[in-house]
Amino acid sequence: MTTERRLADGIVAALASLQIPIELQEVQLVRPVRPEHGDWSTNAALVVAKSAGRAPREVAGDLAAVLQAASMDDVVAVEVAGPGFVNFRLANSWLHQALREVIEAGTKSYATPELGGGERVQIEFVSANPTGPLHVGNGWLGSYGDALGRVMSRCGWKVKREFYVNDTGGQIRLLGESLLARRRGEVVPEEGYQGEYVTQLAQDYEGSDDIVEAGRFASEAILRNIRATLDRLDIRFDDWYSQASIEESGQVAETIEIFRQRGLVYEADGAIWLRSTEVGDSRDRVLIRTNGDVTYLAGDLAYHRDKFLVRKFDRVIDIFGADHHGQVASLKAGVAALGIESDKLEIRLGQLVNIVGRRMSKRSGNFIKLDSVIDEMGADATRLLSLLNSIDQATTLDLELVKRRSMENPVFYVQYAHARIASIDRKRRERGIERIPISEAKLGLLVHDRELELMRCLVDLPRVVGEAAKERAPHKVTNWVRLLAGEFHGFYHDCRVLSEEVPPELTQARLWLVEGVQIGLAIALDLLGVRAPEAM
RNA sequence: GCCCUCGUAGCUCAGGGGAUAGAGCAUCGGCCUCCGAAGCCGUGUGCGCAGGUUCGAAUCCUGCCGAGGGCGCCA
């Protein structure tokens, strides 16, 4: 049983013996930032003071007294501090025990909090239109979606990744027109696709002058290109779902029919409308246009019906760029109208990635290609950089700076820590030093501040992974791994593992500590989709 | 005009009810007879503004100011 668990149980028992009712959600047991606040701290007294009708510090005093009397393992002091916090001071042995748990669990099982309960969740992301190469923003949200999938999988969700291919409609026709114009050596219409890749494709195209055929040719070629780029970042999908296929399968018509049966469809101005205002939208939306084409929304609603009612996902997470947030209200409304609990559809909006002094637009061809960024920085750096920040925050990227100074990019810092660990092990074998089993190692020798700090850091990983999953915030894993790497570099500087001056027993203990760190690094880097190199 | 998101250090960003708000970069200064200096150590400035809720607000609420995005029978 973890120390955290034992303390939490102790607090609950202590409050019960004091006959104080608990509001569980509010009671927290955390590791305080400041060392003088102990190893663990609870706000329980602050939270229950009101309902108990007593002063927080008074409750805290009673609570501390009971906890002190319980004399739990490793607990050397229970103190009241500040407005009514109860702080636990523990013997270092709790950290040595924690290190044992890390080693025993290993890369596979450590930090695998069971939170998802086997819930089947689909994450749909990137879903870039096959009308041009991926840009930096696609890579950003692609890395996010993939890492979120990894984090949630680790926490017990059954995750499927999906790319929705917008392979039909006006934009594909426009792409076909642009291609044909290029082939004829004419200028591309102003609203068409101007990018150079269209010229390239026009040279390869040997088909007819039919716009649909040309458009299909171009979009298929572009989609292959998109997949290749995503492969470079190790972003892989379980399914590539075609918008054209859902229209051809009749599911769009079926979906519209369902709306009709529910009295949510009417005709006006020659088009067929969804009365989405009935279910929370700000205005009604067109489902079938005057020319007979179904709208993107109609297809998207059929697609979501398929996700929930045909393929029976318990939860769907759609990841859109902030420029698509206009479609959120109607999508949510439409899904609700299909009788699907709207909480089951989560839409995460990623703020846009700005490049210094440039505005990105696919049609004008003025955007930074994801491929060129990977060429410059490498896949690992691109992924880690994408996962540095919350997607709620618009980020501004200075590509020149990133390219020129690798120090701007923390990927090297983190990978270097892993490479140094591998290097220690190589050196150990060179010197013919045999490892002893952890059961025989004297972990109690690990008392240096650097060593203790590393173990504290490792203790936090399960909570960090769990928060990253619950909050859909994989960047929390990035923050943690940077912290761990920093602590490791400090340790490496101050504490030699292999040296004439270090007693053999301490070397053995430190080898196990280093292995624990390696496990932590490997778990975190894997969640982020970044390689953990043996050497660099 | 209406709606959404966001304003934290010179720059890029963490922290999103908890105790004295952090990191990297940039600046300046130290550290390699010793497991990899892609490293370590030191150096100071900040929560857009004003109210409110709370024992406690950078965090929640309201208003204002500023930035970005959205408001199509495009996707």
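To find a chain, count down the sequence lines: A is the first, B the second, and so on, and within it residues start at 1.
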Look at the side chain of [X] and decide which nucleotide, out of [options], has an atom nearest to it.
| X | options | result |
| --- | --- | --- |
| A/Asn389 | B/C13, B/C71, B/G36 | B/C13 |
| A/Arg420 | B/A19, B/A37, B/A14 | B/A37 |
| A/Met536 | B/G39, B/G36, B/A75 | B/G36 |
| A/Tyr413 | B/C35, B/G39, B/U20 | B/G39 |
| A/Asp494 | B/C40, B/A19, B/A75 | B/C40 |

Describe the nucleic acid contact of [X] in one word from base, sugar-phosphate, nothing, applying a heavy-atom distance below 4.0 Å.
| X | answer |
| --- | --- |
| A/Ala329 | nothing |
| A/Asp269 | base |
| A/Ala271 | base |
| A/His324 | base |
| A/Ala49 | nothing |
| A/Ala419 | base |
| A/Asp323 | sugar-phosphate |
| A/Gln415 | nothing |
| A/Arg428 | nothing |
| A/Ser41 | base |
| A/Pro83 | base |
| A/Gln243 | sugar-phosphate |

Check the distance between [N]'s [atom2] and [X]'s [atom1] and give it to me in whole angstrom.
| X | N | atom1 | atom2 | value |
| --- | --- | --- | --- | --- |
| A/Asn479 | B/G16 | CG | C1' | 13 Å |
| A/Arg431 | B/C34 | CZ | P | 11 Å |
| A/Ile391 | B/G69 | CD1 | P | 18 Å |
| A/Leu297 | B/G70 | CG | P | 18 Å |
| A/Asp300 | B/A75 | CG | C1' | 10 Å |
| A/His475 | B/C13 | NE2 | C1' | 10 Å |
| A/Ile424 | B/C35 | CD1 | C1' | 6 Å |

Establish, from distance only, whether the side-chain atoms of [X] and [Y] form a donor-acceptor pair under 3.5 Å.
| X | Y | value |
| --- | --- | --- |
| A/Asp318 | A/Tyr164 | no |
| A/Asp284 | A/Tyr266 | yes |
| A/Gln171 | A/Asn129 | yes |

For [N] versus [M], give the span between their [atom1] atoms, rounded off to a whole number of Å.
| N | M | atom1 | result |
| --- | --- | --- | --- |
| B/G1 | B/A19 | P | 40 Å |
| B/A21 | B/U45 | P | 13 Å |
| B/G22 | B/G15 | P | 15 Å |
| B/A67 | B/G72 | C1' | 25 Å |
| B/G68 | B/G48 | C1' | 16 Å |
| B/C49 | B/G7 | P | 13 Å |
| B/G52 | B/A57 | C1' | 11 Å |
| B/U62 | B/C4 | P | 10 Å |

Regarding A/Arg450 and A/Glu453, does a basic nitrogen lie under 4.0 Å from an acidic carboxylate oxygen? no
One thing to verify: whether A/Glu124 and A/Lys307 come together as a salt bridge, which I'm taking to mean a side-chain N less than 4.0 angstrom from a carboxylate O. yes
Step through it carefully: locate the ring centre of A/His489, locate the ring centre of A/Tyr413, and say whether they are under 6.0 Å apart.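 For A/His489 and A/Tyr413, the ring centres are under 6.0 Å apart.
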Would you say the ring centroid of A/Tyr144 lies under 6.0 angstrom from that of A/His475? no
Find which nucleotide of RNA chain B each of A/Leu349 and A/Leu46 is nearest to by heavy atoms, and output the residue with the more 5' nucleotide.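 This one resolves to A/Leu349.
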5'-most by nearest nucleotide on RNA chain B - A/Trp273 or A/Arg482: A/Arg482
Within less than 4.0 Å of OP1 or OP2 of [N], is there a side-chain N or O belonging to [X]?
| X | N | value |
| --- | --- | --- |
| A/Arg348 | B/C4 | no |
| A/Arg450 | B/C41 | yes |
| A/Arg285 | B/G72 | no |
| A/Tyr492 | B/C32 | no |
| A/Lys427 | B/C34 | no |
| A/Lys476 | B/A14 | no |
| A/Gln393 | B/A14 | yes |
| A/His325 | B/G68 | no |

For B/C32, glycosidic torsion class - syn if within 90° of 0, otherwise anti: syn
Determine whether a donor-acceptor pair (one donor, one acceptor, N or O, separation below 3.5 Å) exists between the side chain of A/Glu36 and the base of B/A19. no
At less than 3.5 Å, do the side-chain atoms of A/Asn87 and the base atoms of B/A19 form a donor-acceptor pair?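 Between B/A19 and A/Asn87, which were checked side chain against base, a qualifying N/O pair under 3.5 Å is present.
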Check: [Y] and [X] side chains under 4.5 Å, non-hydrogen atoms:
| X | Y | value |
| --- | --- | --- |
| A/Leu452 | A/Met455 | yes |
| A/Val78 | A/Val86 | yes |
| A/Phe237 | A/Phe125 | yes |

Taking only heavy atoms on the protein side, list every residue of residues 497-506 of chain A lying under 4.0 Å from any atom of RNA chain B, sorted numerically. A/Val497, A/Leu498
Return the orientation label for the A/Trp240 and A/Phe163 ring planes: parallel under 30°, perpendicular over 60°, tilted otherwise.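 Answer is parallel, since the angle falls under 30°.
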Between A/Glu451 and the options A/Leu446, A/Leu445, A/Leu99, the side-chain contact (heavy atoms from CB on, under 4.5 Å) test singles out A/Leu446
Using the six-membered ring for Trp and the full ring for Phe, Tyr or His, decide whether A/His493 stacks on the six-membered base ring of B/G39 (centres under 5.5 Å, planes under 30°).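 The base of B/G39 is not stacked with A/His493 (the test needs centres under 5.5 Å and planes under 30°).
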For RNA chain B, what string of dots and brackets results from 5' to 3' when Watson-Crick and G-U pairs need both distances under 3.5 Å, crossing pairs get [ ], and pairs with another strand get |? (((((((..((((....[...))))..((((.......)))).....(((((..]....))))))))))))....
Could you tell me whether a side-chain N or O of A/Arg383 sits under 3.5 Å from a main-chain N or O of A/Leu528, the two making a donor and an acceptor?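 Looks like yes, one N/O pair under 3.5 Å.
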Any sub-3.5 Å donor-acceptor pair from A/Gln415's side-chain atoms to A/Arg531's backbone N or O? yes
